[in-house]
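Below is one structure; the comments refer to it alone.
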Amino acid sequence: MKSQQFVAVRRDTGQKLTFSEHEAEDRLKQILEEIHTNLYNRASEDLKSHMVVANTMEDFQKELDSGKIVQIPFCGEIECEDWIKKTTARDQDLEPGAPSMGAKSLCIPFQPLCELQRGARCVCSKNPAKFYTLFGRSY
């Protein structure tokens, strides 16, 4: 206060910044915009690196177990989603500390990672797939 300066520490980078009182408003606005952009880009890249496509139940289970969110061919039927949730649930006694909840549908992406092939079957193998749907486990 005596020197009429502010010290700000960015949570995203840990960078410590010192600036005068008269430039505080402009500098803080700029810093907050940079932090927003940095955090958004980091989250976007993290999402992209953890999103994959699986076309079989075996591949789907393997990708889920590695912590990915997975786009799968899906028929959209409630019974099928319930089956997927039950089938992908894990027994905590077998894998201590691992997420035990089954996978649940998250959304039908506007732009899936790949196009659904003609004749594609849902991973439940009973029904024709209608679209790719993003599934994941809650952690």
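Position 1 is the first residue of the sequence; numbering continues from there. Atoms considered below: every heavy atom in the structure, side chains included; atoms not considered: hydrogens, waters and symmetry mates.
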Could you work out the complete set of other residues in the hydrophobic cluster of V7, with links drawn between I, L, V, M, F, W and Y side chains under 4.5 Å apart?
none
Any side-chain donor-acceptor pair under 3.5 Å between D65 and Q61?
yes
For residues T133 and C107, report the shortest heavy-atom separation together with the two atoms involved.
CG2-O, 3.3 Å
With sequence neighbours excluded, what pairs up with L39 under the side-chain contact (heavy atoms from CB on, under 4.5 Å) test?
D12, I35, R42
Heavy-atom side-chain contact between V123 and I84 under 4.5 Å
yes
E115: what forms a salt bridge (Lys or Arg N to Asp or Glu O under 4.0 Å) with it, not counting sequence neighbours?
none
Please enumerate all residues that pass side-chain hydrogen bond (donor to acceptor under 3.5 Å, both in side chains) together with H36, with sequence neighbours excluded.
none
Mark yes or no for whether S44, through its side chain, and Y40, through its backbone, hold a donor-acceptor pair below 3.5 Å.
no
Of all heavy-atom pairs between C75 and P128, which one has the smallest distance, and what is that distance?
CB-O, 3.4 Å
Side chains of S20 and Q5: any donor to acceptor distance under 3.5 Å?
no
Linked hydrophobic residues, Y132 as query - side chain contacts closer than 4.5 Å
L47, M51, V53, I69, L106, L113, L116, L134
Partners meeting side-chain contact (heavy atoms from CB on, under 4.5 Å) with K86 (sequence neighbours left out):
none
Salt bridge (Lys or Arg N to Asp or Glu O under 4.0 Å) partners for E79, two or more places apart:
none
Partner set under salt bridge (Lys or Arg N to Asp or Glu O under 4.0 Å) for R121, not counting sequence neighbours
none
Partner residues of E77 under the salt bridge (Lys or Arg N to Asp or Glu O under 4.0 Å) criterion, sequence neighbours left out
K130
Got a sec, which residues hit side-chain contact (heavy atoms from CB on, under 4.5 Å) with T37, two or more places apart in sequence or on another chain?
N41
The side-chain contact (heavy atoms from CB on, under 4.5 Å) partners of D26 (sequence neighbours excluded) come to none
Go through the structure and list residues passing side-chain hydrogen bond (donor to acceptor under 3.5 Å, both in side chains) with T13, not counting sequence neighbours.
none
